[in-house]
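Here the structure comes first, spelled out in structure tokens, and everything after it is commentary.
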Amino acid sequence: MPPPRVRFAPAPSGWLHVGGARTALYNWLYARGRSGAFVLRVEDTDAERTSEDALDAILQGLRFLNLDWDEGPQVGGPHGPYRQSERRPLYASVAEALLAAGHAYDAYETPEELEAQRRAAQEAGLPPGYQGAHRQLTDAQREAFMAEGRKPVLRLRTPDEGATVVDDAVRGRVEFDWADVSDFVIQRADGSPTYFLANTVDDLAMGISLVARGDDLLSATPRQQLLMDLLLRDDLLDNALAASRYPARPPGAAAPTYAHLPLLVGPDRKPLSKRHGSVAVDEYRRQGFLPEVLVNFLALCGWSYDATTERFTADELVAKFSFQRVGRNPAYFDTDKLRSMNGDRIRELSDEELAERLQPYFNEAGLVADLPSPDHQRLLLGFAPLLRERIQNLAEAVPLVAFAFGDDLVHDDRAVGKHLVGTARDVLAATEAALGGLDQWTAEAITAALDGIAEALGLSRRRAFQPVRVAVTGSDVSPPLPETLALLEPDLVLTRLRAARALVGN
RNA sequence: GCCCCCGUCGUCUAGCGGCCCAGGACGCCGCCCUCUCAAGGCGGUAACGGCGGUUCAAAUCCGCUCGGGGGUACCA
């Protein structure tokens, strides 16, 4: 068996969303686990819905997840070009060959006429598919249509009877009656190829051995398999490839097998889409989800290894992944679980790793520079162990310790109203005095000082700590107070304690 | 309408005839720890859509039914 060739074939019409990422991941895992090739092909035949920005976003998303491709945009490869917009002549010549061989025919109905026919069929309780009215036009009829200014589409003839089988790696054996599959369009009136033609031709031409894609394409498979049979028969495709200067198929290539993946759905059980909130991989990146966690979680959206294991490194996934263990029921993209896994992973990071991963998020928030100052680096590293237990994603760290990254402090009104009252005035004064007299600026020394104040004033730790917390951090929620104060400049702490006394109400 | 797919705790799932009065994880609830918030520890809640078969025995096999989804496009 030659090494497998799989592909991810996105249409660049938006960001990489998590469903697409999951499909890409499964293909990538399969290829990497079997020394195969992972091909990235851009399906940009529909100029209307395609943009260069969208393509960049998709490539970036894949890079973020560390899903590298062996052939495709930016890396090239022996079976390119890998953008369908650069393969138009191939589709045209294949379409022509199909027409010449009698497998396809031109049909002249306008979209409006077809729409009307569909509606009529529906109302009469008949199947809405194309009935094949133009299957056997005479030359005279064709000329008459042309004279009306009509441009034909090309339709592929499907068998009128019998059945066909899709042997799916995750669904098993699925049977379809040809009677339910009407003649379908492979080339539009403007000469452009439809998905069925371009996608099928390329999977064959690029020697793809397994197609793993969304379940929504399962019912398209009989049509594509039929097309493949026709293209392979009588070397139709190989001749077209040769005639139009595109690379020949890899030696020994055959038609691919299929694996249809369960869809990712939203809370309403409908396929995941924008209206379900965050669906773009980049959204999750911005929120501070780690790529290795996203990969781990995405792998679990439809696949499982056993009853209990759910933490996997990318290498482990590569070693363990198989389509046999891909489930058949749609998976809900559960962000609570994702958050939990992300938090677990964050807790595994060393101080240095965490500080390094945190830096871009503080940079994006305008708190630290691209190249952080030594002071800021020291702060990030110092806060890392305090933050680690408190965040589920990296972006959450920013509001928690923003107070440390500048002289200005914004007080939370609610916290001020709750904690800077009554005995707080005494607490702040005593704390300022005690901390000002400290000769060791360490968490231990600060703890001792604060405890001493609580005792002297006859207050609980809580009553003694909270006013100080609000005074210095602006909020009544922060990392542990003594450790936090120890990271700040003593002068800054004292200044804030003094300033806060003016805020104390009754 | 017709065709196809799917149906186990709220969620993701394990289960491929007896090991299951169904296991794990997330969530949720309670308790412990505690300077806030977390993290952590301990405990708990909760599911085989329904009905008929087959079988000594069914979450597991079969039929029907109900529910969800996809397709039936000159979208992919």
Side-chain angles (χ1 to χ4, degrees), chain A residues 9-11 13 43 45-46 48-49 107 109-111 114-115 118 121-130 151-155 166 168 171 174-177 179-182 184-190 192-196 198-199 213-223 260 262-263 265 267-271 297 300-311 327-341 343 347 386-392 396 400 415 419 447 450-451 454 460-466 468-470 473 475-482:
Chain A
S13 59
E43 308 228 322
T45 47
D46 188 347
E48 300 284 304
R49 322 193 320 151
E109 294 96 338
T110 64
L114 290 169
E115 177 55 32
R118 258 195 301 279
Q122 289 270 29
E123 279 162 20
L126 297 166
Y130 184 69
K151 291 253 190 279
V153 300
L154 221 54
R155 282 184 186 271
V166 175
D168 193 275
R171 306 278 146 185
V174 185
E175 211 174 301
F176 295 87
D177 282 336
D180 298 318
V181 182
S182 49
F184 59 97
V185 176
I186 57 173
Q187 190 179 55
R188 302 187 186 95
D190 66 3
S192 65
T194 63
Y195 170 77
F196 291 108
N199 182 268
R213 41 140 64 158
D215 191 33
D216 50 337
L217 263 356
L218 178 59
S219 49
T221 312
R223 281 171 281 178
H260 286 94
L263 258 21
V265 298
D268 56 359
R269 305 271 102 188
K270 297 249 199 308
F297 180 72
L300 260 15
C301 285
W303 172 85
S304 67
Y305 177 63
D306 60 19
T308 55
T309 319
E310 56 177 29
R311 300 299 312 269
R328 280 167 289 274
N329 41 339
Y332 170 61
F333 193 81
D334 184 2
T335 47
D336 276 339
K337 176 87 175 205
L338 211 209
R339 284 176 58 80
S340 162
M341 288 177 67
R347 259 157 259 132
L386 306 182
L387 252 11
R388 181 162 39 225
E389 318 280 288
R390 294 181 164 70
I391 56 174
Q392 307 282 63
E396 286 172 1
L400 265 182
H419 297 286
T447 302
L450 291 174
D451 281 347
S460 64
R461 261 192 164 184
R462 180 195 188 96
R463 297 282 301 275
F465 279 46
Q466 285 300 73
V468 176
R469 189 188 306 278
V470 175
T473 73
S475 162
D476 56 359
V477 175
S478 84
L481 193 55

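The figures here come from the full heavy-atom set of this structure, side chains too, leaving out hydrogens, waters and symmetry mates.
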Sugar-phosphate, base or nothing in reach of Pro479(A), heavy atoms under 4.0 Å: base

Touch class at under 4.0 angstrom, heavy-atom based, for Ala331(A) against every strand present: sugar-phosphate

Rounded P spacing from G15(B) to G23(B) in Å: 15 Å

Residue-phosphate contact under 4.0 Å: Arg388(A) side-chain N/O, A39(B) OP1/OP2: no

Sugar-phosphate, base or nothing in reach of Arg462(A), heavy atoms under 4.0 Å: sugar-phosphate

Spacing of the C1' atoms in C48(B) and C61(B) (rounded, Å): 15 Å

Minimum-distance pair of heavy atoms, taken over all atoms of Ala331(A) and Gly302(A): CB-N, 4.4 Å

Whether over 12 other heavy atoms sit under 6.0 Å from Tyr332(A) OH: yes

Lys337(A) NZ - C12(B) C1' separation (whole Å): 6 Å

Touch class at under 4.0 angstrom, heavy-atom based, for Glu396(A) against every strand present: nothing

Sugar-phosphate only, base, or nothing, as touched by Leu481(A) at under 4.0 Å among non-hydrogen atoms: base

Side chain of Ser340(A) (C-beta onward), nearest among U13(B), C26(B), A76(B): C26(B)

For atom CG of Asp180(A) and atom P of C5(B), their distance in whole Å: 12 Å

Sugar-phosphate, base or nothing in reach of Arg347(A), heavy atoms under 4.0 Å: sugar-phosphate

Mate of A59(B) where both pairing distances stay under 3.5 Å, Watson-Crick or G-U: none

Sugar-phosphate, base or nothing in reach of Val153(A), heavy atoms under 4.0 Å: base

RNA chain B: 5'-proximal contact among Thr309(A) and Asp215(A) (nearest heavy atom): Asp215(A)

Atom-to-atom span, CZ of Arg328(A) to P of U13(B) - whole angstrom: 12 Å

Separation between the C1' atoms of G10(B) and G49(B), rounded to whole Å: 16 Å

Nucleotide C35(B), atom C1' - distance to CZ of Arg463(A) in whole Å: 13 Å

Arg469(A) vs Pro480(A) side-chain heavy atoms within contact, under 4.5 Å: no

Nearest-Å distance for atom pair CG/P, residues Asp306(A) and C12(B): 19 Å

Minimum heavy-atom distance Glu389(A)-Arg347(A), with the two atoms named: OE2-CG, 3.6 Å

Touch class at under 4.0 angstrom, heavy-atom based, for Ser478(A) against every strand present: base

Which nucleotide in C74(B), U72(B), C35(B) has an atom nearest any side-chain atom of Arg223(A): U72(B)

Euclidean distance, atom CZ of residue Arg171(A) to atom P of G71(B) [Å, nearest integer]: 14 Å

Sugar-phosphate only, base, or nothing, as touched by Glu43(A) at under 4.0 Å among non-hydrogen atoms: sugar-phosphate

Sugar-phosphate, base or nothing in reach of Gly327(A), heavy atoms under 4.0 Å: nothing

Pairing nucleotide - G43(B), Watson-Crick or G-U, each distance under 3.5 Å: C29(B)

Minimum-distance nucleotide (side-chain atoms of Pro482(A) versus U13(B), G40(B), C35(B)): C35(B)

Qualifying residue, where the test is side chain to side chain contact (heavy atoms under 4.5 Å, CB included) with Arg213(A) and the options are Asp216(A), Asp215(A), Leu217(A): Leu217(A)

Between U72(B) (C1') and Arg155(A) (CZ): distance, integer Å: 12 Å

Touch class at under 4.0 angstrom, heavy-atom based, for Glu175(A) against every strand present: sugar-phosphate

Sugar-phosphate, base or nothing in reach of Pro111(A), heavy atoms under 4.0 Å: base

N or O in side chain of Arg390(A) less than 4.0 angstrom from A38(B) OP1/OP2: no

Nucleotide C48(B), atom C1' - distance to CG of Asn329(A) in whole Å: 13 Å

Closest nucleotide among A39(B), U36(B), C26(B) to the Asp334(A) side chain: C26(B)

Residue whose closest nucleotide on RNA chain B lies nearer the 5' end, Asp216(A) versus Tyr332(A): Tyr332(A)

Salt-bridge present (Asp451(A), Arg461(A); N to O < 4.0 Å): yes

Nucleotide nearest Asp336(A) (side chain, heavy atoms from C-beta), chosen from C26(B), C6(B), C74(B): C26(B)

Sugar-phosphate only, base, or nothing, as touched by Phe196(A) at under 4.0 Å among non-hydrogen atoms: base

Side chain of Glu389(A) - closest among A38(B), C37(B), A76(B): A38(B)

Distance below 4.0 Å between Ser219(A) side-chain N/O and C3(B) OP1 or OP2: no

